[in-house]
Amino acid sequence: MAKKLTITTELTVFESLQELPQSIQELMHKAQKARERAYAPYSRFKVGAAILLANGEVVTGNNQENAAFPSGLCAERVAAFYAGATYPGVAFQAIALTVRSLNHEVTTPTPPCGACRQSLAEYETNQKSSMSLYFMGETGNVVQANAIKDLLPLRFDSSYLK
Ligand code: THU
């Protein structure tokens with residue numbers, strides 16, 4: 001007999017960044033600054049990420065594109081891999097993401113791509129605690145997720161390799 005499984009994800013939508021705690025507003029401002037340093041001449045779509053670590057450090061990243069398109073990397077993974085490389089084993093507490101397109105105003109909160117969710121999930125699984133995620137466009141609403149696993153249910157992780 002087939003069974004149906006339902007997966008639900010709870011997100012919080014804030015009308016503006018000002019509704020969020022000061023510490024998250026500051027994290028988003030760092031993501032916005034990082035976003036402006038993105039190297040995105042091909043897509044003209046700049047993405048910034050800022051990760052607050054459990055040791056109080058904030059690590060930022062932005063998308064780095066390449067003329068050979070698949071060789072570039074998303075902002076989230078630039079930041080996450082830098083954090084992993086610099087502060088191994090230090091938990092990611094929160095991550096703020098923002099985008100700006102040089103073609104049009106992005107008012108829709110823009111979530112991380114699937115590959116970035118998978119990469120962030122690896123850190124979340126290893127640290128045994130959730131990281132919260134805040135994402136927005138250039139302006140407008142901010143979406144909060146309480147964990148990467150909420151954005152990537154049924155994820156592949158190391159338990160399947162055993
Ligand atoms: N991009 C990111 O940096 N993060 C995402 O989660 C989605 C997409 C970048 C990749 C590429 O440089 C540009 O945005 C357009 O896809």
Side-chain angles (χ1 to χ4, degrees), residues 7-14 16-17 20 24-53 57-87 90-127 129-158:
I7 297 171
T8 54
T9 297
E10 202 173 274
L11 302 169
T12 309
V13 182
F14 295 90
S16 81
L17 189 56
L20 285 145
I24 301 302
Q25 290 189 38
E26 283 167 17
L27 194 65
M28 188 62 82
H29 289 146
K30 287 182 178 159
Q32 287 165 341
K33 278 198 179 147
R35 179 191 72 197
E36 295 310 303
R37 299 191 294 266
Y39 175 65
Y42 305 105
S43 71
R44 298 167 56 83
F45 191 81
K46 293 175 168 239
V47 185
I51 303 175
L52 174 63
L53 299 173
E57 294 285 339
V58 173
V59 166
T60 62
N62 49 39
N63 49 331
Q64 296 292 314
E65 296 185 348
N66 193 283
F69 289 138
S71 302
L73 197 62
C74 292
E76 296 89 325
R77 277 176 287 166
V78 168
F81 295 160
Y82 181 76
T86 313
Y87 304 105
V90 179
F92 297 7
Q93 290 184 335
I95 172 163
L97 304 173
T98 177
V99 309
R100 185 167 75 84
S101 170
L102 302 183
N103 299 334
H104 61 277
E105 190 185 351
V106 181
T107 55
T108 312
T110 309
C113 78
C116 287
R117 295 180 202 196
Q118 180 68 33
S119 293
L120 290 167
E122 180 85 13
Y123 293 94
E124 188 171 81
T125 302
N126 288 346
Q127 70 190 33
S129 61
S130 298
M131 64 183 86
S132 50
L133 185 90
Y134 301 85
F135 55 89
M136 65 182 297
E138 182 185 356
T139 57
N141 293 354
V142 184
V143 173
Q144 177 188 353
N146 291 326
I148 299 300
K149 65 176 170 4
D150 292 344
L151 295 182
L152 192 64
L154 297 184
R155 67 202 172 281
F156 181 82
D157 64 23
S158 61

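Order of appearance sets the numbers: ligands from 1, and atoms from 1 within every ligand.
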Colleague: Tell me the contacting part of Ser43 for ligand 1: side chain, backbone, both, or neither, using a 4.0 Å heavy-atom threshold, strictly below.
Modeller: side chain
Colleague: Does the side chain of Ile24 come within less than 4.5 Å of Leu52's, by heavy atoms?
Modeller: no
Colleague: Would you confirm whether any non-hydrogen atom of the protein falls under 4.0 Å from atom 6 (O) of ligand 1?
Modeller: yes
Colleague: Can a donor-acceptor pair be found between the side chains of Asn146 and Gln144 at a distance below 3.5 Å?
Modeller: yes
Colleague: Between Glu76 and Ser119, is there a side-chain donor-acceptor contact under 3.5 Å, judged purely by atom types and distance?
Modeller: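 The criterion, which ignores hydrogens and geometry beyond distance, is not satisfied for Glu76 and Ser119.
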Colleague: Would you say the side-chain atoms of Arg44 and Asn103 include a donor-acceptor pair closer than 3.5 Å?
Modeller: yes
Colleague: To which of Asn63, Leu73, Val99 does the heavy atom nearest atom 9 (C) of ligand 1 belong?
Modeller: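 Checking each option, the heavy atom nearest atom 9 (C) of ligand 1 is found in Asn63.
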Colleague: Say whether Asn126 and Glu124, considering side chains only, have a donor N or O and an acceptor N or O under 3.5 Å apart.
Modeller: no
Colleague: Nearest protein heavy atom to atom 3 (O) of ligand 1, by residue and atom, and its distance?
Modeller: Ala75 N, 2.9 Å
Colleague: I'd like to check which ligand 1 atoms, numbered from 1 as shown, lie under 4.0 Å from a non-hydrogen atom of Pro112.
Modeller: 6 (O)
Colleague: Run the numbers for me: atoms of ligand 1, each under 4.0 Å from some heavy atom of Glu65, listed by number.
Modeller: 11 (C), 12 (O), 13 (C)
Colleague: Less than 4.5 Å apart, side chain to side chain, heavy atoms only: is that true for Met131 and Ile148?
Modeller: yes
Colleague: Checking a contact table here: which protein heavy atom is nearest atom 10 (C) of ligand 1, and how many Å away?
Modeller: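 Atom 10 (C) of ligand 1 sits closest to the protein heavy atom Cys74 SG, 4.0 Å.
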Colleague: Atoms of ligand 1 less than 4.0 Å from Glu76 heavy atoms?
Modeller: 2 (C), 3 (O), 4 (N), 5 (C), 6 (O)
